[in-house]
Every structure is written in C-alpha cells, then in structure tokens.
Amino acid sequence: MSEIDKRNRLGEEPFAYQITKKGTIVIYYEGKQIKIVKDREAERLIARINEVKEDITAVQLLLAKITGNFKRGNEKFGKNKRK
C-alpha cells in the first residue's frame, strides 16, 4: 500500500480537469472548479499528465499536488454566509 494515499481517496477520482483552447487547465474537485493553471505551469502539468495518462491514480495525484491544501480553512464563502 502506498504511503501517499492510505485511505484510497484518489482511487475514487475526486479530481477532474479540462484543457482549454488557450492552453490553460481548469481543475475541478467533486464537480466544483477550484483552480485555473496558466502559462508555463500549465504546459508542465500537461506534459506530466501525458506521461502518466494510463495510471489514473498518478493523474489524480498530480492534480492533488498542483491544487495544494485547498480544503484547510481557506475556503471562500459566498455573499450569503450561513451562520
């Protein structure tokens, strides 16, 4: 068992991505847009995804690493905050 994904969350494929015509990458987590990657960073990510395209878990790991620790208190609330 890998030390990186002990709970096998990446096997469930929570991340999705879309490459636009401009070469940017839009990353989604469970259907919600969480990050847009542009310019050189997008080119590097596309190249790395193409290298490991057959291994779904590796693609999920790349997307998880590029998004960072986005679910740890920095979530933005909309205009209508719930209290």
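Quick caveat: nothing in here was measured; it's all calculated off a predicted structure. Quick note: residue numbers are just sequence positions, from 1.
No chain of hydrophobic side-chain contacts below 4.5 Å, direct or via other Ile, Leu, Val, Met, Phe, Trp or Tyr residues, connects Ile34 to Tyr28. By the rule that hydrophobic residues join a cluster once side-chain heavy atoms approach within less than 4.5 Å of another member, Ile19 and Ile49 end up as members of one cluster.
The CG atom of Leu62 sits 12.5 Å away from the CD1 atom of Ile46 when rounded to the nearest 0.5 Å. Distance check: Arg44 CZ to Arg48 CZ gives 9.0 Å after rounding to the nearest 0.5 Å. To the nearest 0.5 Å, the span separating CG on Leu63 from CG on Leu61 amounts to 9.0 Å.
Other residues, nucleotides and ligands contribute only 12 or fewer heavy atoms inside 6.0 Å of the CD1 atom of Ile56.
Nearest heavy-atom pair across Ala42 and Gly23 is CB-O, 3.4 Å. Considering all non-hydrogen atoms of both residues, Lys35 and Thr67 come closest at CD-CA, 4.0 Å.
You'll find the side chain of Glu41 reaches within 4.5 Å of the side chain of Ile66, heavy atoms only. Put simply, the side chain of Gln33 reaches to within 4.5 Å of the side chain of Val26, judged on heavy atoms. Taking 4.5 Å as the limit, every side-chain heavy atom of Tyr17 sits out of range of all side-chain heavy atoms of Leu45.
Using a distance-only test at 3.5 Å, with no hydrogens or angles considered, no donor-acceptor pair links the side chain of Thr24 to the main chain of Thr20.
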* **Test log, rule side chain to side chain contact (heavy atoms under 4.5 Å, CB included), inputs Phe15 and Val59** => CA-CA 9 Å; Phe15 291 98; Val59 173; over 6 Å; no
